[in-house]
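Following: one structure in structure tokens, then a few remarks.
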Protein chains: 2
Amino acid sequence: MDNKHIFTEKLRSSGLRPTKQRIEICKLLFNRKDTFHFSISDLKNISTKKISLATIYNTIHAFTRKGYLKEISINSDKTYFDTNTSDHHHFFDENKKKLIDLDDNNVGKIKIKKTLPGKKIKSVEILVRITNDN
Amino acid sequence: MDNKHIFTEKLRSSGLRPTKQRIEICKLLFNRKDTFHFSISDLKNISTKKISLATIYNTIHAFTRKGYLKEISINSDKTYFDTNTSDHHHFFDENKKKLIDLDDNNVGKIKIKKTLPGKKIKSVEILVRITNDN
DNA sequence: ATCATAATTTATAATGATTCTAATATAGTG
DNA sequence: CACTATATTAGAATCATTATAAATTATGAT
């Protein structure tokens with residue numbers, strides 16, 4: 001069971017043609033229990049089928065625009081993406097250079113007391129940098 | 001008054017030789033009232049003296065290691081630095097692509113309820129994305 | 001001040017991620 | 001099937017950043 005028809009429908013209903021490359025990427029990303037943090041090169045590496053780099057970029061960006069992926073900011077040369085698009089935060093393990101989810105309900109309420117005229121808050125993201133405890 | 005001798009001393013006391021390039025960069029960064037958010041190319045642009053790009057990179061990284069600058073993470077292709085090294089957070093204006101300081105005391109206390117074995121928290125950073133309110 | 005040495009600067013090349021381009025292939029529609 | 005819009009592709013282009021190796025400069029000792 002690889003959910004091919006489900007992905008096909010999902011793609012179609014978002015106005016994206018269900019090509020074999022997109023379905024393959026869907027399988028890699030969404031046929032897993034846990035949320036997946038990855039960079040483009042990670043994705044390239046785990047893919048057995050040959051999909052061009054440009055297609056991987058295009059697809060991941062399309063999925064991000066559709067809200068199926070979330071882009072994550074850390075100071076690193078690579079951009080990371082997350083299959084968990086819910087409101088949540090991250091630990092960044094500086095030793096392992098790995099992201100770990102931090103659920104919104106594992107963080108106390110955040111109050112932003114400063115406001116800026118003519119601006120509205122789009123999102124509030126927390127990054128907790130962690131290191132080995134020694 | 002350009003604080004040249006103060007910068008010279010500061011550099012020397014951190015084990016960095018006070019070269020004319022480093023002193024020029026000190027002036028650009030620290031002779032200002034407000035904190036300064038910049039990218040390497042911003043710095044290159046405001047410098048009237050010709051300093052090679054490699055030296056700008058080297059110097060900014062040296063200053064960051066010494067704690068005179070702080071590196072900031074946002075999802076963008078450039079790395080930003082901040083002359084305000086105190087514990088604080090940022091707004092990122094998605095329309096203007098500009099960073100704005102958000103003081104720690106303008107944010108309610110943040111409680112991280114999840115712990116990870118063998119790890120300690122190094123820092124907690126908040127990024128508040130804002131857009132035009134319309 | 002001069003010398004020797006280690007640190008620094010520099011121009012340039014190399015790298016790596018990402019985007020662009022233009023040709024080819026494919027999906028959806030009639 | 002045929003047409004057209006959309007996708008995929010390989011490869012080139014771009015941009016930020018890092019590495020290299022030679023020339024320059026700061027510093028401490030003489």
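Please read all numbers here as calculations on a predicted model, not as lab measurements. The figures that follow rest on heavy atoms only: side chains count, while hydrogens, waters and symmetry mates do not. Chain letters run A, B, ... following the sequence lines, proteins first and then strands; every chain starts at 1.
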| task | Flag yes if B:Leu102 and B:Ile100 sit in one hydrophobic cluster, no otherwise; membership is Ile, Leu, Val, Met, Phe, Trp, Tyr, and two members link when side-chain heavy atoms are under 4.5 Å apart. | result | yes
| query | What is the distance from CD of B:Glu71 to C1' of D:dA16, rounded to the nearest Å? | reply | 13 Å
| Given atom CG of A:Asn58 and atom P of D:dT9, what is their separation to the nearest angstrom? | 10 Å
| query | Taking atom C1' of C:dA17 as reference, at what distance in whole Å does atom CG of A:Leu43 sit? | reply | 15 Å
| message | When you measure from the side chain of A:Ser47 to the backbone of A:Leu43, do you find a donor-acceptor pair of N or O atoms at a distance under 3.5 Å? | response | no
| remark: Here the distance between atom P of D:dT6 and atom CG of A:Leu11, to the nearest Å, is 16 Å
| note | Whole-Å distance, B:Ile23 CD1 to C:dT8 C1', equals 13 Å
| task | Can you label the angle between the B:His61 ring and the B:Tyr57 ring as parallel, tilted or perpendicular, going by 30° and 60°? | result | tilted
| request: Output yes when at least one side-chain N/O atom of A:Gln21 is less than 4.0 Å from OP1 or OP2 of D:dT9, else no. | output: yes
| field | side chain to side chain donor-acceptor pair (under 3.5 Å) evaluation trace for A:His89 with A:Asp103 | value | CA-CA 6 Å; A:His89 310 284; A:Asp103 264 37; over 6 Å; no
| query | Looking only at atom types and distance, does a side-chain atom of A:Thr64 sit under 3.5 Å from a main-chain N or O of A:Lys70, one as donor and one as acceptor? | reply | no
| task | Determine yes or no for a side-chain-to-main-chain donor-acceptor pair under 3.5 angstrom, with A:Asn58 supplying the side chain and A:Ala54 the backbone. | result | yes
| query | Got a donor-acceptor contact below 3.5 angstrom from the B:Thr55 side chain to the B:Ile51 backbone? | reply | no
| What is the distance, rounded to the nearest whole Å, between atom CG of A:Asp42 and atom C1' of C:dT18? | 15 Å
| note | For B:Leu53 and B:Lys44 the tightest heavy-atom approach is CD1-CD, 3.8 Å
| remark: So, with a heavy-atom separation below 4.0 Å from DNA chain D, the residues of residues 44-54 of chain A are A:Lys50, A:Ile51, A:Ser52, A:Ala54
| remark: Ranking B:Leu16 and A:Thr59 by the position along DNA chain D of their nearest nucleotide, the one closer to 5' is A:Thr59
| query | Can you check whether A:Tyr57 has a side-chain N or O nearer than 4.0 Å to OP1 or OP2 of C:dT19? | reply | no
| Checking salt bridge (Lys or Arg N to Asp or Glu O under 4.0 Å) against A:Glu24, which of A:Lys50, A:Lys49, A:Lys4 comes through? | A:Lys49
| said: Rounding to an integer number of Å, can you tell me how far B:Ile56 CD1 sits from C:dT12 P? | reply: 16 Å
N/O contacts under 3.5 Å, protein versus nucleotides 26-30 of chain C?
| residue | atom | partner | partner atom | Å |
| --- | --- | --- | --- | --- |
| C:dA27 | N3 | A:Arg17 | NH1 | 3.4 |
| C:dG28 | OP1 | A:Arg12 | NH1 | 2.6 |

| field | Phosphate-side-chain proximity, A:His61 and C:dT18, N/O vs OP1/OP2 below 4.0 Å | value | no
